[in-house]
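Only one structure is covered here, and it is reproduced in the block below.
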Amino acid sequence: MLDLKFIREFPDKVKTGLANKNDDPTKVDKVLELDLKRRDIITQVEELKAKRNQASQQIGMMKKSGEDATSMIAEMKRVSDMITDYDGKLSEIENDLDGILSWLPNLPHESVPVGKSSEENVEDRKWTPDGFSFENDFKVKDHVELGKSLKILDFERGAKVSGSGFPVYINKGATLERALINFMLDYHLQHHGYAEVFPPFLVNAESMRGTGQLPKMAEDMYTCEKDGLYPIPTAEVPITNLHRNEILSEEELPIKYVGYSACFRREAGAYGKDSKGFLRVHQFNKVEMVKFVKPETSYDELEKLVVDAEDILQALKIPYRILKLCSGDLSFSAAKCYDIETWSPAENKWLEASSCSNFEDFQARRASIRYRKLSDKKPEFLHTLNGSGLATSRLMVSILENYQTPEGKIIVPEVLQKYTGFKVIE
RNA sequence: GGAGAGGUGGGUGAGUGGCUGAAACCAACGGUUUGCUAAACCGUCGUAGUGGGAAACUGCUACCGAGGGUUCGAAUCCCUCCCUCUCCGCCA
């Protein structure tokens with residue numbers, strides 16, 4: 001949620017930001033118009049309420065002293081009816097206003113390159129392990145072939161059990177997946193100072209609104225209508241909402257959580273493109289990092305967040321590159337975002353395996369997550385960030401394909417071997 | 001799923017229609033006292049919206065789990081929902 005006062009004060013900045021995010025800047029004018037109406041009604045209705053409160057007190061005293069208050073009560077009844085009337089109008093306006101505000105995306109940070117689409121994202125840096133080459137001296141198999149020939153992935157049976165996009169890991173594939181998750185969690189706990197969270201996988205609508213999935217992404221989410229719950233598209237949702245409607249103290253910041261969850265996405269309308277194997281699935285596993293920080297530190301924390309994710313890839317010796325997303329490619333809630341993409345030799349391209357974002361106070365305002373400064377007793381919205389550390393599906397593509405041998409075996413990355421208990425999949 | 005009890009400020013906890021935005025205590029913060037610490041004493045001590053003010057500050061309004069209703073007036077009465085606890089049933 002954007003700050004209404006900020007919109008009031010700097011409408012042009014908001015308009016520019018919206019335009020850069022491919023949104024409609026004229027929404028700002030509607031907001032300002034409704035805000036004006038709203039404040040006008042508030043002044044009137046509050047004046048009436050003050051009058052009523054005063055009179056009610058007087059009526060109480062008159063009754064106590066045995067005086068007749070009939071005419072005053074009759075008059076106040078009229079005033080009360082007027083109040084009901086104004087309150088109705090007010091809530092109508094506030095609904096309309098909220099209807100627009102909850103659909104307004106966060107504004108891009110000034111350091112974000114302006115651009116329309118993913119084509120204008122900017123490569124920030126690239127890393128490859130020692131001895132790595134983009135050229136292969138044998139014909140590489142893709143992850144689907146490898147999964148099939150080694151009997152470690154079963155997309156067909158997943159489709160039978162659930163539908164397409166629900167991959168099954170089996171045999172050493174299942175163990176490798178579990179090893180990868182455990183390795184990533186342990187790494188963040190031991191080297192990066194995160195606290196571990198194992199969150200719920202279903203959340204309520206209020207949580208979805210808090211992090212910004214609702215209302216805009218409703219079509220991309222699964223629903224459990226009977227219970228008003230949603231399977232989470234990312235652990236960001238339950239973990240960020242852990243502190244919804246809370247006021248934290250300055251001393252406890254930054255709070256850094258890491259948690260595993262399965263992630264569920266409908267991917268409505270995404271069929272046909274990049275849908276092979278793991279490239280686009282409805283359920284995948286992800287280790288997610290979430291930070292709650294003081295506003296003045298959030299951009300430093302964003303850089304550190306990216307490095308935390310990179311450390312995992314360097315330990316796994318997987319080639320990756322980092323993109324700075326342009327304004328038009330930023331997600332709804334993000335002010336700035338880096339994507340980390342890992343290399344797929346079979347696809348001969350980079351695959352998005354992580355997204356690290358600073359939401360500034362956008363989610364904090366929606367979810368009302370504040371902190372109290374030591375110097376100033378007034379609570380303030382904090383900043384939230386999150387980053388995948390990382391998603392296993394795309395990462396698994398890169399691991400299988402980069403670690404394959406000419407004979408079609410997979411060497412287990414060294415750091416995972418103690419987790420898997422085996423060194424080769426053949 | 002059935003029966004019962006309950007949800008009040010950072011915490012404990014009073015409050016069953018009118019001067020209660022809310023007693024008291026604890027915690028916290030500021031101060032006095034003190035060689036230091038402790039104790040004692042005094043004071044401050046919720047959030048949001050809206051208006052006034054350059055600001056410090058201040059007026060008003062709202063908020064006692066959430067949303068409705070009754071009433072001139074609701075923490076207090078009524079309805080719906082949510083949550084917590086206890087017991088029973090079911091169950092990984």
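In what follows, every chain begins at residue 1, and chains take the letters A, B, ... in the order their sequences are listed.
Pairing for B/U86 is with B/A3, a Watson-Crick or G-U wobble pair whose two hydrogen-bonding atom distances lie under 3.5 Å. B/G30: Watson-Crick or G-U partner is B/C42, with both key distances under 3.5 Å.
Atom NZ in A/K378 sits about 15 Å away from atom P in B/C45, given to the nearest Å. Atom-to-atom, CG of A/L248 to P of B/G10 comes out at 13 Å; the value is rounded to the nearest Å. Distance CD (A/E206) to P (B/G67): 11 Å, rounded to an integer number of Å.
Within 6.0 Å of atom CD in A/E246, more than 12 heavy atoms from other residues, nucleotides or ligands are found, so the atom counts as buried in its surroundings.
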Just the atom pairs and distances: protein N or O near nucleotides 75-80 of chain B's N or O, under 3.5 Å.
none

Quick one: which protein N/O atoms are closer than 3.5 Å to N/O atoms of nucleotides 17-21 of chain B? Pair and distance per line, please.
unit_1	atom_1	unit_2	atom_2	d
B/G18	N2	A/S56	O	2.6

Could you write out each protein N or O paired with an N or O of nucleotides 51-54 of chain B at a distance under 3.5 Å?
unit_1	atom_1	unit_2	atom_2	d
B/G51	OP1	A/R39	NH1	3.4

Short heteroatom pairs, N/O only, protein and nucleotides 57-65 of chain B, under 3.5 Å:
unit_1	atom_1	unit_2	atom_2	d
B/U61	OP1	A/N53	ND2	3.1
B/A62	OP2	A/N53	ND2	3.4

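Ring orientation note: the planes of A/Y260 and A/F201 are nearly perpendicular, at an angle over 60° on the 30°/60° scale.
Here A/R372 does not reach the OP1 or OP2 of B/A28: none of its side-chain N or O atoms lies under 4.0 Å away. At the phosphate of B/G73, OP1 or OP2 sits under 4.0 Å from a side-chain N or O atom of A/S80. The phosphate of B/U50 has OP1 or OP2 within less than 4.0 Å of a side-chain N or O from A/R38.
For A/Y169, the ring pair (Phe, Tyr, Trp, His ring centres under 6.0 Å) test picks out A/F278, with sequence neighbours left out. Looking at residues two or more places apart in sequence or on another chain, you find a ring pair (Phe, Tyr, Trp, His ring centres under 6.0 Å) between A/Y320 and A/W127.
If you look at A/F183 and A/H188, their ring centroids are not closer than 6.0 Å.
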